[in-house]
Structures are given as structure tokens and as C-alpha cells.
Amino acid sequence: MKPRVRFAPSPTGFLHIGGARTALFNWLYARHAGGTFILRIEDTDAARNTQAAVEVILNGLRWLGLDWDEGPLSGDPAGPSRGDYGPYFQSRRRDIYQRRIEALLAKGLAYEADGTIKFKMDRAPILIPDLVVGDVRRELTDREQADPDFIIVRSDGQPVFHFVNVVDDLEMGITHVIRGEDHLSNTAKHIALFRALDADPPQYAHIPLILNSDGTKMSKRDQGASLMTYGEEGYLPEALVNYLCLLGWSPKGNREKMPLTEVIAAFDLPQILRHNARFDLAKLVWLNGEYLRELSDERFYELSAEALRRGGLELARYPDAYVRAALETCKGKVKLFSELPAYAGFYFTDEIKYDPAAAEKEFTPENRPRVDKLRAALAKLEPFEPDPIGATLKAVAQELGVKTGVLVHPTRLACCGNTAGPSLYHLLAILGKDRALARLDQALARMV
RNA sequence: GACCCUAUCGUCUAGCGGUUAGGACACCGCCCUUUCACGGCGGCGGCACGGGUUCGAGUCCCGUUAGGGUCGCCA
């Protein structure tokens, strides 16, 4: 039987990074096993659900490249969907839940209490077979000893999570429930519910949680908790996906960066680690840099331009060829697109802000005649291209009896405002002789 | 309070009774070099603690400690 797995988020208006990884692991397993990946929206709590909140989830999954075989195609519960097990919004499955409630009532496995309907929970410990954790024997806690039964229908008639989750997994033919370990304890309730519904529970695989870098629980408000921020801050989805694969699962063989197709081939449930993992942003950044370096020129250009516009630079004022040439000098240099406004901004403005410490060090009276001599040489240079520019720098330095670096540093600072940046020879060529000389003059004026 | 899960460098991990405990990120040197980044070389750094079992334990068992999770008319 082909596996059927699902990602069943509640539309709260954002997609948690942990939820994204849960979706990823479900997706990976489905793709690995040739199964079906289903997206189901758990919108039973009407008060906090909106179409926009659902769109956040859909867009998040799309951004990551996690396509679902069954599920909604839009955030509209009444809108189109794909698959034969719909509706895929719990808010549209009221009658299904109602039938199941009536069945439990008829069998005496549920009863009314204070306007709610409660489920008659098993008193004996329940064995939870788990593909990741192993067999877990769950006993009742002291509070549950006092009253093991739990509410499955609220007094307003709305069925609650534990119940709808089980009913939907049953009705949708879910074979493997892959979810966060925070649900492990609750699984006893779910298994009892499956039994009461005369059904075999699916196989469970509880995956470890993602913690903050300090080891605390990652909650909504924590930095990096929201998937959306990664796109905004210049991360590539393929880098994030790769990183997420490495959190709680290992390809073995000292592999780090690896194509998704290979991850799919190697991925399996029993190899998932049992302990929580801390989110290490530095490693994500490194991976992002690795992927960014390999990007096609076109995609690099598009994402870079977007990042620069986001940073307030007016690219439209410059010829497209100029923008492309400028951005090409940045490829392989930055690890995040969000670094670009600071890194490449000098290409798109004439107001250079010098790094104060560097200015003090480089814009000295001693450097004035050197830069002046270089300026004169560059002014006569034709064609104004990287190789001859480099040769000029070296020649002037030699005449001056100094290392090339002595000229490079103040020149770079004059043109970029920074001590680090793209290849100086290339950047000067792209800036063009007029702009380059003007920046040199501006810097020269400060060297008194 | 009860119940459940977990424990290898700072972090992510390899290890599945016999290893000089391996790799990656980060960090620190050196090399390369027009800066930075990349790349190359090297360094720092770990089996939480205590008992067992065994000829032999990072690996198996128990306990302690620590971290995480759950016990809702949230999901």
C-alpha cells in the first residue's frame, strides 16, 4: 500500500519554521516512498482563521517547493481543491464529524457533560508504536487519573482538535502520521479514539523539535521562527530546505550540501534522530552562500535586484546592462541577498558614505600624492577596462615604490566607502572613468 | 504535581561492544590574493554524572542531573 501522509497546519497567519520542517519530512517521505502528500487545513477554531492566513501556509509551502498531491488550491475553503478525499478544510467537514460523534454516542463511548460531549478514554496505559521513538507506554498523569475523559465537542457544537484530527486521518486514509514530538503524549488519546471508531491507527513517526540556539523552545515571537522572514532576508529556499533536512536527520557519509533528489532517495523514517536540535543560523548562512554561488546569472540578477530595491536603491535610474554588470561582480561574494544594499549600493548612488575608521586610516596626507598620481594615470587610460586598470595600479605602485595594496585601499574606499567589496579593477571599469575619477577627486579633497 | 521523550566538540552530526572518537558550521593561525569572499593547510574543542553488565562501554541496563514535551470547551 502506498503511503498517504499529510501536513495539517492550523492557519494562524504564519508558518512556523518547525511546521515547515514537519511538512518537509512528510513530503520527503511521500516522495521517497512514492506515496501521496496531502495538505489539510485544520481551521476548526473559526475565530482565528482567515483566507489570508491559509494563503500564508500555501505560499510558504510553494516557496519551499513542497508540492501537495491533494489539498486546497487556494485559501478559500469553498474554493477548488485537488484529490478525492476532500473537503480539505475541516470547517467544511462538519457532517462527517457529526456522523462519527453519533456513532460514538450510540456505542456509549461518548457522553454529554456540561453542554459538551466527552470521550470515554481508556483507563489502562496505552502502547504507542513509533517509527522514530520506538514503543512508548503512556500512562495517565495524575490529573488524567482524576478524570481521563476529554472533551471532543465544545459547548458551541464545534468538535475539537483531537477528535477531528483522528477522524480526518481515518477518513483520508492516512497511513503515516509524521508530526512534531509535542504530539507524542497526546497520541494515546488518538489511538484510543481510533479504536473506539473501530479503526486501526496509522503508523506514527514523531520527529524532534527545533529549539532556539540557546536551547529554549522556539515560539512564535522568537527570531527566525517565521518561515516568511527567510525569504525577506535573502535566503534561498533550496538552502533552507537543505538545512532543514540536516536538522534531525543525517545523510551519513559526511554529506552536508546535497541535491534534494538525493535526499529523497536516502530519506527514511527510522533514521530520524530522536533528540531535539538547535537552530544554527550560521550554518544556514554558510549553506545559503554555497547555493548562492551556484545560482544561474539570471536568477542571481533577479533576486539581487529585488533585494536592492527592497533596500531602497533606485535601479531603474541605471541602464540594465550596467545593473547586470555591477551585480555580476557581487556573485560569489555575499552569502545573503540582504547583504547586497550595503555591499553593492555604491554602484547605484553618487553619495558615498565612507567607513569612518577606514577613512581615518586611508585618507591621509601621505596618501594624497599617491592617489593623485594614480588618478592622473587612470585619466589617461584607454580603454578603461579591468586588465589595463589593474596593470595601471601595479605600474603606479611600482613607480611609487609601494605595494599595490597601498593604492588599492584608498581607491576602494573612495569608490565604495568600504574596505571590502567586489574586485576593484572590475568595479572601476563598471563605474566608468568619469564616475571613478569623480570619486577619486572627492576623496582627494579629504586628504589634507 | 504527574506522565512521556532526549543527552557525542559552542552548534548540526558520524558512531550502532574493541576507533589515535570522524565530518560540517563557527572560532583561531598560515598560504593564495587588488580588499572581501572562495579555495588549501593546520589548530582549538566532545562522549553530562554515578553505578552496574562485560575480558573490554560513547555504544547495553539502572539511577541522578539537565533540557524538551504533554496533562485546555488551542491546534
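Chain A is the first sequence line, chain B the second, and so forth, proteins listed ahead of strands; every chain is numbered from 1. Here the structure is a predicted model, which is why all the values come from computation and not from measurement.
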Reading RNA chain B from 5' onward, which residue's closest nucleotide shows up sooner: A:Lys252 or A:Lys189? A:Lys252
For A:Phe279 and for A:Val132, find the nucleotide of RNA chain B with the closest heavy atom, then tell me which residue's nucleotide is more 5'. A:Val132
Distance, [atom1] atom - from [M] to [N], rounded to whole angstrom:
N      : M      : atom1 : result
B:rC60 : B:rC16 : P     : 11 Å
B:rA48 : B:rG40 : C1'   : 37 Å
B:rG58 : B:rA14 : C1'   : 12 Å

Determine the contact category for [X]: base if any of its heavy atoms lies under 4.0 Å from a base atom, sugar-phosphate if only primed atoms, P, OP1 or OP2 are that close, otherwise nothing.
X        : value
A:Pro208 : nothing
A:Glu256 : base
A:Asn276 : sugar-phosphate
A:Ile151 : base
A:Arg293 : sugar-phosphate
A:Ser250 : sugar-phosphate
A:His206 : nothing
A:Tyr343 : base
A:Arg138 : sugar-phosphate
A:Leu273 : sugar-phosphate
A:Arg143 : base
A:Gly115 : nothing

Nearest heavy-atom approach of A:Asn242 to A:Glu256 is ND2-O, 3.1 Å
[N]: pairing nucleotide in any strand, Watson-Crick or G-U under 3.5 angstrom:
N      : value
B:rU54 : none
B:rC32 : none
B:rA7  : B:rU65
B:rC73 : none

Go through the N and O atoms of the side chain of A:Ser423 and the base of B:rU34, and report whether any donor-acceptor pair is under 3.5 Å. yes
Can you list the residues that meet the salt bridge (charged side-chain N to carboxylate O under 4.0 Å, His left out) rule with A:Glu139, with sequence neighbours excluded? A:Arg137
Is any side-chain nitrogen or oxygen of [X] closer than 4.0 Å to OP1 or OP2 of [N]?
X        : N      : result
A:Lys394 : B:rU34 : yes
A:Ser185 : B:rC5  : no
A:His16  : B:rA75 : no
A:Lys403 : B:rU34 : no
A:Lys335 : B:rA26 : yes

Is the distance from the ring center of A:Phe363 to that of A:Tyr354 below 6.0 Å? yes
Are A:Phe267 and A:Phe25 close enough that their ring centers fall under 6.0 Å? yes
Any sub-3.5 Å donor-acceptor pair from A:His32's side-chain atoms to A:Ala265's backbone N or O? yes
Less than 3.5 Å apart, which donor and acceptor atoms pair up between the side chains of residues 388-408 of chain A and the rest of the protein, not counting sequence neighbours?
unit_1   : atom_1 : unit_2   : atom_2 : d
A:Thr392 : OG1    : A:Pro388 : O      : 2.7
A:Glu399 : OE1    : A:Lys373 : NZ     : 3.1

